[in-house]
Amino acid sequence: MGRGRKSRRQQVQTVEKAISIAAAPKIFPTAIYVRLSVENLGREDRGAIENQKDVCREYVSECPDLQLVKVYEDNGWTGTIMHRPAFDELMEDIRNGIIKAVVVRDLSRFARNYIEAGTYLERIFPDLGVRFISVKERLDTLSVGDATESLILPLQNLINDMYSKDISRKVEASRAMQIKEGTLKWSSVPYGYRRSREGVRIVPDEARADIARQIFQWKADGLTLNEIVRRLNASGAPKADVSYSLGKPWCIQAIRIILRNPAYIGIRILGKSHSAIYKGIKKEKTTPDCWHIFPNSHEALVSREVFDKVQALMDEDAKKRHDSMKKTAKDRAKLHDLFEGKIFCADCGQRMFYSRHRHPAIENSWYGRYLCSSYQGRYVEHRCTSHYINQKKLEPKVLAVLQTHARLALDYEKLIASFQGSEQDRKNRHSFDMAIRRASQKLGAIQRKRTRLYEDYVGGVLDGEEYLFAKKSYEGEGEKWNRELERLVAERNAYQEAMSPRNLWVNAMRSVGNLKALNQKVVDAMVERIHVYEDGSIHIVMKYQDIFDFTKDCLEGRDDNA
């Protein structure tokens, strides 16, 4: 008996399904990019950046083919330059294939330089296969194609560029006028003062004004800055209510800044720096002849007599320091800090300061040591202990660790060569490949479910609420497997790098060779950071430490018969 013919209704349904599948949209992993201008940073309308996010999120939620991956935010960055932290991160993710679509509220949030914007939208993004959407301009590069839209896009970018430069010019002109008239708001209020209600002037803050007066009087009486710091910390004198100062003890630099500031005798100086974004000029210092000085700008906290006496004493102290440093320059120059920025307290995590000291028992002899920075606050509660280590003790310890790593690298290089192609090596590589394949299959299955889900929505099988609920569930599961896939790929790549002649740790340690003494080049190339414990023991984190640990684990876990 012959095969029965399909009914006309079945044929129509088959055709409709084929058309629906063919028309089913590609899913684009999507980024939202938002930016707040430099001139808006710190103003009350900073909520505008949240508005940008809301507009873009609403747009993405209404597009079934857009799957939001991440929101990239540049807060306080001008649109006239393209190198911004979040934008650079976005471009890195695009190049890695994580992002395939970018949504912005309007073109001006993306860029205000029309040449740069045009380069990205007309060349870079198309070459990378990236879809670009601007909600306000109703621009979607997936559908741009006619001549009119191609002409409008560069024109809009040109308008944004001119608008940005015009804003910058007006901001700088307004700032210059405020500086000239002395009406510019205080960006940083001196200790002992607070902003007035209108925000332009400053008035004494009685809670701290007496402390500021006392600091000047102590110095006028001949106390050293160290003694002033000790007294302030011992009495628990409050510091300024700013984030970088709260919870930290008084230090010499803070006292020096106060004692040198003419604001305490009512003088305000403006125009010490200048910038012009529209000319490409970043913030730069100006010479004193460009300053604007305003006497009696606000109430003084100390008399001119006390202030002048303090300046004379500070100048005398500075001259003594300069003369002393000049005399001992040659001896101190023999001591070089090889670990600048790399030494940290193992207990409190603070950076340790390097200082040179004259040897008490040996004439013209100096030594260097590292001291925990938070120990400087030993007159306040919750201080750290006196973590320190002598430079002459530290350097041999670091040298010994580097020499050990160099010897290990030679042994590991031979082990890697013998391990490559072994049965265990093949098992490891196969295990990675299978795990990656399983994760890819899971991700593919979820993508197919999302496509069918959209077909059911378009076909009326699901209503909007059911569709959005299921879509959100699939997105969450997709993100989980996407992260797992990224982890597995990264681990496989690390394994392949470790078990090959390209092993970065082995190559780096090979360059050390038969190291007999430390030098700056070797330290910079090999040492990431050093943690110092209270008993003087240390823990060194090497460059390529993660690769070394991974290589070590792989080789120690190898099959004995390999």
Side-chain angles (χ1 to χ4, degrees), residues 29 69 92-93 95-99 342 346 397-448 476-515 521-531 537-562:
V69 174
E92 184 67 22
D93 288 345
R95 293 187 182 96
N96 290 332
I98 299 172
I99 300 298
K342 298 177 183 288
K397 291 182 178 182
V398 176
L399 177 60
V401 171
L402 290 177
Q403 289 171 335
T404 300
H405 270 251
R407 289 193 297 270
L408 276 173
L410 291 174
D411 294 337
Y412 277 26
E413 189 172 19
K414 296 174 184 176
L415 286 173
I416 291 170
S418 64
F419 187 65
Q420 287 175 338
S422 66
E423 183 180 352
Q424 185 63 40
D425 184 33
R426 289 194 296 272
K427 286 181 180 179
N428 291 344
R429 294 175 189 272
H430 178 70
S431 177
F432 279 123
D433 290 341
M434 292 301 296
I436 290 171
R437 184 178 301 173
R438 283 195 297 271
S440 298
Q441 290 172 346
K442 287 283 187 180
L443 203 55
I446 293 168
Q447 295 286 49
R448 289 191 292 274
E477 192 176 356
E479 287 177 7
K480 182 188 75 173
W481 280 105
N482 195 47
R483 288 193 298 269
E484 177 66 7
L485 180 60
E486 289 178 0
R487 184 190 69 80
L488 289 169
V489 170
E491 193 168 336
R492 181 190 63 183
N493 292 343
Y495 178 83
Q496 292 174 343
E497 288 287 330
M499 296 296 108
S500 77
R502 298 189 303 273
N503 188 299
L504 294 176
W505 171 74
V506 171
N507 289 329
M509 295 314 303
R510 189 191 297 121
S511 65
V512 173
N514 297 320
L515 188 65
K521 184 178 180 181
V522 168
V523 171
D524 290 343
M526 303 300 161
V527 179
E528 183 70 33
R529 54 195 289 146
I530 300 173
H531 301 278
S537 61
I538 64 171
H539 171 67
I540 302 176
V541 179
M542 304 288 291
K543 292 281 182 70
Y544 311 117
Q545 181 76 40
D546 54 341
I547 298 175
F548 165 68
D549 292 337
F550 192 85
T551 304
K552 181 172 177 286
D553 291 341
C554 289
L555 291 176
E556 289 184 351
R558 70 188 190 281
D559 192 331
D560 292 335
N561 297 321

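These values consider heavy atoms only, across backbone and side chains, with no hydrogens, waters or symmetry-generated copies.
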Mind checking whether [X] and [Y] have side chains closer than 4.5 Å, heavy atoms only?
{"X": "Ile436", "Y": "Val489", "result": "yes"}
{"X": "Ile538", "Y": "His531", "result": "no"}
{"X": "Ser440", "Y": "Leu443", "result": "no"}
{"X": "Val401", "Y": "Met542", "result": "yes"}
{"X": "Ile98", "Y": "Glu486", "result": "yes"}

Parallel, tilted or perpendicular: ring planes of Phe432 versus Tyr495, cut at 30 and 60 degrees: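 The arrangement is tilted - the two ring planes meet at 30° to 60°.
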
Measuring from [X]:[atom1] to [Y]:[atom2], what's the distance to the nearest 0.5 Å?
{"X": "Leu402", "Y": "Met526", "atom1": "CG", "atom2": "CE", "result": "7.5 Å"}
{"X": "Ser431", "Y": "Gln424", "atom1": "OG", "atom2": "CD", "result": "9.5 Å"}
{"X": "Leu408", "Y": "Gln403", "atom1": "CG", "atom2": "CD", "result": "12.5 Å"}
{"X": "Ile99", "Y": "Glu92", "atom1": "CD1", "atom2": "CD", "result": "12.0 Å"}
{"X": "Arg483", "Y": "Glu479", "atom1": "CZ", "atom2": "CD", "result": "6.0 Å"}
{"X": "Ile540", "Y": "Glu528", "atom1": "CD1", "atom2": "CD", "result": "12.5 Å"}

Closest heavy-atom contact between [X] and [Y]?
{"X": "Lys543", "Y": "Asp524", "answer": "NZ-O, 2.6 Å"}
{"X": "Ala435", "Y": "Leu488", "answer": "O-CD1, 3.5 Å"}
{"X": "Val527", "Y": "Lys342", "answer": "O-NZ, 2.8 Å"}

Ion pair check, Asp433 and Arg492, cut-off under 4.0 Å: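 Yes, this pair counts.
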
NZ/NE/NH1/NH2 to OD/OE distance under 4.0 Å, Glu484 and Arg487: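 Yes, Glu484 and Arg487 are salt-bridged.
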
Other residues, nucleotides, ligands: >12 heavy atoms within 6.0 Å of Lys442 NZ: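 Not more than 12 within 6.0 Å, no.
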
Atom CZ of Arg429 with >12 non-hydrogen neighbours under 6.0 angstrom: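 Yes, because the 6.0 Å sphere around CZ of Arg429 holds more than 12 heavy atoms from other groups.
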
